[in-house]
Amino acid sequence: MVLLENDSFLTELTRLFQKCRTSGSVYITLKKYDGRTKPVPRKGNPDTFEPSDNKCLLRATDGKRKISTVVSSKEVIKFQMAYSNLLRAHMDGLKKKDKKSKSKKTKATQ
């Protein structure tokens, strides 16, 4: 897993999309990140850890290469605008749903 800066993450994500344009998939995950690098102990004396600000961890993979970035709450608006533009530009290869399956279900119930 390669932890990148926000701008370099977006450029690498563009490369992943272009590489998987004809065949393949890109998986993107997003979760809250509190800055911990070690797991929380189950028993005993758990450390009280308070994050300084809210952060998001974004990960992207094509099955072979993994990239990630951490976005702080101060940069989230700028990053979200660039991220949404990138997704709009590369989401044109999606397949349409087959509408025939819905009509088959209604005929089967009658």
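Counting from 1, the numbers follow the sequence of the chain as shown.
- Between F17 and L87 there is a side-chain heavy-atom pair separated by less than 4.5 Å.
- Contact of the T69 side chain with the F79 side chain is registered, since non-hydrogen atoms from C-beta on lie closer than 4.5 Å.
- Taking the side chain as every heavy atom from C-beta outward, L30 and L57 never approach each other to under 4.5 Å.
- Atom CE of M81 is surrounded by 12 or fewer heavy atoms from other residues, nucleotides or ligands within 6.0 Å.
- By the 4.5 Å heavy-atom criterion applied to side chains, N6 and E75 are counted as neighbours.
- Taking 4.5 Å as the limit, some side-chain heavy atom of Y83 sits within range of a side-chain heavy atom of L58.
- Note: D7 CG to K78 NZ = 5.0 Å, rounded to the nearest 0.5 Å.
- Separation of atoms SG (C20) and NE2 (H90) is listed at 11.0 Å; rounding is to 0.5 Å.
- Contact of the I28 side chain with the L13 side chain is registered, since non-hydrogen atoms from C-beta on lie closer than 4.5 Å.
- Between L16 and I67, the closest side-chain pair of non-hydrogen atoms falls below 4.5 Å.
- The side-chain contact (heavy atoms from CB on, under 4.5 Å) test applied to V2 returns L4, not counting sequence neighbours.
- For N85, the side-chain contact (heavy atoms from CB on, under 4.5 Å) test picks out R88, with sequence neighbours left out.
- Taking the side chain as every heavy atom from C-beta outward, K19 and D62 approach each other to under 4.5 Å.
- Distance CG/D53 to OG/S73: 4.5 Å, rounded to 0.5 Å.
- The distance from the CZ atom of F9 to the CZ atom of R59 is 10.5 Å, given to the nearest 0.5 Å.
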